[in-house]
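Everything on this sheet refers to the single structure shown next.
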Amino acid sequence: MSRFLTEKHQKLKPYTPGEQPKEREYVKLNTNESPFPPSPLAVKGACCEAEKLMLYPDPDCKELTALLARELGVETDQVVLGNGSDEILNFAFMAFCDDNRPAIFPDITYGFYKVFAAINNLPYKEIPLREDFSIDIDDYLGEDGTVFIANPNAPTGIALPLSDIERILKANPDRVVVVDEAYVDFGTESAVSLIDKYENLLVCGTFSKSRSMAGARLGFGIGNKELISDLTRIRYSTNPYNVNRMTAAAGMGALIDRDYFISNCKKIIENREWTAGELLALGFEMTLSRANFLFARSNRIDGEELYIKLKERGVLVRHFTGERICDYNRITIGSREQMQTLVDTIKSILEEKQ
Ligand SMILES: *Cc1c(COP(=O)(O)O)cnc(C)c1O
């Protein structure tokens, strides 16, 4: 830290991204990336576009916006694009929270929410999940703040039905409710269908997980056109070129290749259910995940010990140190072969312990 850094930033605790180790090749199940490559159409789009990199991109990404709007069944002025959905979330903190409207989110959820609140000098309130990690909707009905709900939640994978999201929306008509749908494509109903009914609803989505484009950084926000113009105002005040040419072209390719997307989501869901069955047979306890990961613990081995032993054997999962969740590991769902390796490795670790 230099002596020039402002005090506010000295105190900042940055988000800790999952490891991206280079020292050896791991079976990488720690950052919820897709095991499948991006669609060939996405790759081709990005490559062709590379020739035009001397030109700034279209700040409105008109073609991609139109394609995404059509895919989601919304109007183009109900869409804003971001450099990952992280950027859209940050914009939402900037646009819709202040001293009188703290950010409200569960105590166990996406770790970045706290950081977005801190970097923007915003108050926030964490609401404890129930003992079983489910959200008690009643806790959100009397809160006067901007609610952030990941649905399905991370790192638990537990999903809320739309009727619960609607209860939160109805109880907070003068406050924005942000539904972060990073994992929605793995089996949860999207709240996008509700944007015309609730003017306070903002839905965030990403191409990082289900569309195999984590490295391209493409996310989006969906809401009524006034909310979207608020976010666009912030976007134009920070970086109008937030989505680069190659990413926009890749995004279009990914949207056009619908069959590939659907077939990959199906494979992940199948592999998740298969892995859950195997882990259950090994005595693991898991939350009911609707995402591309499982959140699992065993009473035969400590969470951190399992993480370390898996890593020594070349399998990387995500372990969190939080008090309520340190017994658990979050295991990304990869290919069937990767999941077989995970299960075999866990079996041998447990056998050695006996
Ligand atoms: C991965 C993730 C995001 C952000 O992903 P981007 O790569 O920035 O689009 C947002 N919310 C949750 C809950 C996530 O897990």
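Bear in mind that the values here come from a model prediction, so they are computed numbers and not experimental data. First listed ligand is number 1; within each ligand, the first listed atom is number 1.
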- [ ] Answer yes or no for Gly84: is there a heavy-atom contact with ligand 1 below 4.0 Å?
- [x] yes

Task: Protein contact to atom 8 (O) of ligand 1 [nearest heavy atom, distance to 0.1 Å] - done: Arg217 NH2, 2.7 Å

TODO: Distance to 0.1 Å, residue and atom name: give those for the protein heavy atom nearest to atom 5 (O) of ligand 1.
DONE: Ser85 OG, 3.5 Å

Task: Test: Arg258 cationic atom under 6.0 Å from Phe261 six-membered ring centre, within 45° of axis - done: no

Task: Lys267 to Phe36, cation-pi by 6.0 Å centre distance and 45° axis angle - done: yes

Open item on the list: Between Tyr110 and Tyr113, is the ring centroid distance below 6.0 Å?
Closed with: yes

Region of [X] engaging ligand 1 - heavy atom pairs below 4.0 Å:
X      : answer
Ala182 : side chain
Phe207 : neither
Lys209 : side chain

TODO: Using only heavy-atom distances, determine whether the side chains of Tyr183 and Asn32 contain a donor-acceptor pair under 3.5 Å.
DONE: yes

- [ ] Could you name the option among Gly205, Cys204, Ser208, Ala154 that has the heavy atom nearest to atom 7 (O) of ligand 1?
- [x] Ser208

Task: Option set Asp180, Leu89, Ile149, criterion heavy-atom distance to atom 12 (C) of ligand 1, minimum - done: Asp180

Open item on the list: Looking at every non-hydrogen atom in both residues, tell me the closest pair between Leu255 and Glu71 and how far apart they are.
Closed with: CD2-CG, 4.0 Å

TODO: Considering only NZ, NE, NH1 and NH2 on the basic side and carboxylate oxygens on the acidic side, decide whether Arg175 and Asp144 come within less than 4.0 Å.
DONE: yes

